[in-house]
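A, B, ... follow the sequence lines: proteins, then strands. Residue 1 opens every chain.
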Amino acid sequence: MSTKPLPEATNFIQSIINQDILDEKVQTIQTRFPPEPNGYLHIGHAKSMFVNFGTAKLYRGKCNLFFDDTNPSKEKEEYVNSIKKDIQWLGYNWQKECYASDFFDKIYQYAIQLIQMNKAYVCNLSPEEIKNTRGTLTEKGQDSPYRTRTVDENLQLFEEMRLGKFKEGSCCLRAKIDMASPNLNLRDPVIYRISYDRHYRTGNKWCIYPMYDFAHPICDYLQNVTHSICTLEFEDHRPLYDWVGITLNFVAKPKQIEFARLGMTNTVMSKRYLKKLVEDGTVHNWDDPRMPTLSGMRNRGIPPEAILDFCQRIGISKSQAECEYSYFEACIREYLNYHAERTNVIVKPLKLTITNYEGEEEVDFDINPMQTDKGKRKRRFSKTIYIEQDDFSIEPPPKYYRLKPNGYVRLKDAYIVRCDGFIQDKMGNVTEVLCTYFKESKSGQDKSGIKTKGVIHWVSEADAMPIELVQYQLLLQDARYEGQDFQERINYNSEQIKKVFAEKYILSLSENTVMQCLRTGYYKIDNHQGKLRLTEVVSLKESFKSK
RNA sequence: UGGGGUGUCGCCAAGCGGUAAGGCACUGGAUUUUGAUUCCAGCAUUCGUAAGUUCGAAUCUUGCCACCCCAGCCA
C-alpha cells in the first residue's frame, strides 16, 4: 500500500479514483483522450482533454492519444493532423499515440473468441429487420432467427464476411446478450459490420469493421487504461462496456466514468453543424476565426491558457450544464489583461492637429502596466496625430468624458489638449479636429493643474502605418430552446476589410503575434503575407448590449 | 411509456447528518493617465416539491414534479 497522500478530490471523478486507489484496485492511473478523426477539435474537446490529461497528470499517471477510427466513411488523415496540432497548441503531451485501426487484428481475434464462446453470432437480418425486431422503449425485442446458429457455422460465416463474400448490410456480427433487456444497448448489439469504404490508414485490408461498443473496451484494455472517461450519453453503454470485459475475461477491467459535455450559450458545438458551415461555405474553413474550434480560436487570438483556465473554472460534474459565453470571455480577458503587450491601434481614424505644437518628441508607455518589469516603449508625439472617431463628439451625450468642442482630454502618456474647433466635409462628417496642448501637462510631470476625466489613445502620423483590418461579425442566437431552423439560428455576416492605423514598432516585436485588450474586446494582430493584419471578431449581440 | 441520468442564486459550482464555499454576471462606492484594471461592499433564512426519520436534513427514507439521454450495421 502506497503511503503517498492522495490528491484532494475536487470533483466526482477524483473521488472515484481516490476510492479505487484506497481499495487497491489500481496503482498508476492511465487515461486516454479518444477523438474520432472526423472533424476538427472544438472547445468541448478542450474540456475532455482537461479531464483526461489533467486527471492523469494529477495522479502522475499517463494519458494516451487514441484515435477512434472505426468508421472509414468519415475519417481522414487531415483530421488526425489537425487534432495533434491542436492538442499540442493547448499544451498537452500524450504518452502513446494509438489508433483503433492498429488494433483491428486483435479486435478480430476477440470477436472470434466471442463466437467460440457462443456469445456472438452472424445475423442475416437486414438493418431494417433488425430495427423492427429490436422492440421499443416499452416492448421487448424478438430473437433473431439466426441467433441459434452453431459455433462452427458462425465461425465459417464470419470468416467469409472478412473475406468479402457478402454485400454491405447483408449480414453482421451480433453479441448474444438479451433481447428482452430494458436497456436497448443490450438487445444483441451489432459489434461488426461490413463496409467496403477505403480506410484512411488500413486501406482495403479490411471490409469488416468493429463498432464503437465493441472496439472501445478492447482498445482501452489493450492500452492498460484504468479509467475510461467519456460523456454522459454513453452511460447507457456502460453495461455493454462491462459485458465485453467480463465476457472476454480481461484481467484488469477499465472503469468507465461519464461526465457532462460542455454546452455554451451563443454558439453550437456539434460537429455536424460545424461541418455544415464549412461545407456550405458560410465560413472559410474549420479554422475560421468565427468557429468555436480550437484552431478557430487560435486564429482569433484566444490564448490556450485562457481556454484551460476556463475548463478548470467551470468544473466537472454530471449535470447537463450550459455555460454563459461571458464566463469564457472573462477567462480570456483576465489572461490578456495580465499578459498582453499593449500597443495602440486606431480602428476608425480621425485626424487631430495640435495647432500650437511644433517639432517632435518621444514619450514612454508601459508595454504592460500589469508587469512593469517588461519595460517601456518609445513612441513619437507630433503636431498631427490620429484618434478614434468615437472619441470625439460634436453633440456629446451626458457624462461623455472624451473629446468635445471646448472640452479637455488627456492624450494617454502625453499631454492634455483642448478642442478649439473642427472641420467638416460637405456631408457634415468631421474630418479633422483642431486642438491646443498644454506644455506643463506632460504625462508624469503634470504641473498644469488641469483635471480631465477622459483619457484617449492615439497614434502619431510619424508612427502610423496602415494595416489591414479583417473584421468578422457574427450573430449567434442561442436557439437551442427556440426550435428554429438551423439557418435561422446562425447568421454570419460577410467580413469587412478596412484600413486602420497602427504604430510601426509592432513590426519590431520578436513575436509576430501581438494580443491586445481594447476596452472589452480582443483582437489579434499578425503578419499576414508581409502585411500587418488586425483580426477582430465582433459579436453583434454583445455590441448591442453595450449600447 | 421501459431503462439510465440530473435537479443548490440569472449562469457554472462546492457541500456527503451539525445549521448554505467560490467564480461568472449584476448593483453600489473608493482609487485610476486605458470609462480598463485594482479595491472594498451588496447579492440563496434556503438547496425541484411534499411528507417522514432525527435534538438537528441540501445531505437519510418514501411519494410526486421537471429536464436530459437511449429504439444507427455513427461515435
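Contacts of Lys451(A) with the nucleic acid, taken as non-hydrogen atoms under 4.0 Å apart, are absent.
Between Tyr415(A) and Phe381(A), the ring-plane angle classifies as tilted under the 30° and 60° cut-offs. Ring geometry, His45(A) versus His42(A): the interplanar angle falls from 30° to 60°, so the pair is classed tilted.
Only the C1' atoms considered, A50(B) is 16 Å distant from G7(B), to the nearest whole Å. When the C1' atom is used for both C60(B) and G22(B), the distance is 27 Å, rounded to whole Å. Only the P atoms considered, U61(B) is 16 Å distant from G18(B), to the nearest whole Å. Going from the P atom of U1(B) to that of G42(B) covers 47 Å, rounded to whole Å. Comparing the C1' positions of G15(B) and C9(B) gives an interatomic distance of 15 Å, to the nearest angstrom. On the P atoms, U6(B) is 15 Å away from U62(B), given to the nearest whole Å. For the C1' atoms, the distance linking C47(B) with A36(B) amounts to 37 Å, nearest Å. The gap from the P atom of C64(B) to that of C55(B) amounts to 28 Å, rounded to the nearest Å.
Checking A66(B) for Watson-Crick or G-U wobble geometry (two distances, each under 3.5 Å) identifies U6(B) as its partner. Checking A25(B) for Watson-Crick or G-U wobble geometry (two distances, each under 3.5 Å) identifies no partner in any strand.
Minimum atom distance to the side chain of Ser443(A) is reached by U33(B), of the listed G72(B), G35(B), U33(B). The listed nucleotides are U33(B), G35(B), G10(B); the one nearest the side chain of Lys412(A) is U33(B). Nearest nucleotide to the side chain of Pro127(A), out of C73(B), G35(B), C24(B): C73(B). The nucleotide whose nearest atom lies closest to any side-chain atom of Asn11(A) is, among C12(B), C73(B), A14(B), A14(B).
Under the side chain to side chain donor-acceptor pair (under 3.5 Å) criterion, Asp23(A) pairs with Gln19(A), sequence neighbours left out. Listed by chain and number, the residues in a side chain to side chain donor-acceptor pair (under 3.5 Å) with Ser101(A) are Asp69(A), Arg201(A) (sequence neighbours excluded). For Asn38(A), the side chain to side chain donor-acceptor pair (under 3.5 Å) partners two or more places apart in sequence, or in a different chain, are Glu36(A), Lys271(A). Every residue two or more places apart in sequence or in another chain was checked for a side chain to side chain contact (heavy atoms under 4.5 Å, CB included) with Pro127(A), and none qualifies. Residues satisfying the side chain to side chain donor-acceptor pair (under 3.5 Å) test with Asp197(A), not counting sequence neighbours, are none.
Note on residues 260-270 of chain A: pairs passing salt bridge (Lys or Arg N to Asp or Glu O under 4.0 Å), not counting sequence neighbours, are Glu233(A)-Arg261(A). Residues in residues 128-138 of chain A take part in no salt bridge (Lys or Arg N to Asp or Glu O under 4.0 Å) pair, two or more places apart or across chains.
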For residues 176-184 of chain A, tabulate all N or O donor-acceptor pairs below 3.5 Å that involve a side-chain atom, not counting sequence neighbours.
from, atom 1, to, atom 2, distance (Å)
Lys176(A), NZ, Asn118(A), OD1, 3.0
Lys176(A), NZ, Arg147(A), O, 3.0
Asp178(A), OD1, Ala180(A), N, 2.8
Ser181(A), OG, Asn183(A), N, 3.0
Ser181(A), OG, Asn183(A), O, 3.3
Asn183(A), OD1, Asn185(A), N, 2.9
Asn183(A), OD1, Asn185(A), ND2, 3.1
Asn183(A), ND2, Asp236(A), O, 2.9

Contacts under 3.5 angstrom, residues 165-172 of chain A side chains, donor-acceptor by atom type, not counting sequence neighbours:
from, atom 1, to, atom 2, distance (Å)
Glu168(A), OE2, Tyr196(A), N, 2.6
Ser170(A), OG, Lys167(A), N, 3.4
Ser170(A), OG, Lys167(A), O, 2.6

Problem set entry | Protein proximity profile, nucleotides 1-9 of chain B - base contact B, sugar-phosphate-only contact S, no contact -, cut-off 4.0 Å on heavy atoms | BBBSSS---
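For RNA chain B, the neighbouring residues in residues 306-313 of chain A, judged by any heavy atom under 4.0 Å, are Arg313(A).
For the pair Glu279(A) and Lys276(A), the salt-bridge criterion is not met [side-chain N within less than 4.0 Å of a carboxylate O].
Glycosidic conformation of G72(B): syn, with the torsion inside 90° of 0.
Between Asp213(A) and Pro369(A), the residue anchored nearer the 5' end of RNA chain B, judged by the nucleotide with its closest heavy atom, is Pro369(A).
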With the criterion being N/O to N/O and under 3.5 Å, what pairs connect the protein with nucleotides 37-41 of chain B, and how long is each?
from, atom 1, to, atom 2, distance (Å)
U37(B), O2', Asn337(A), ND2, 3.1

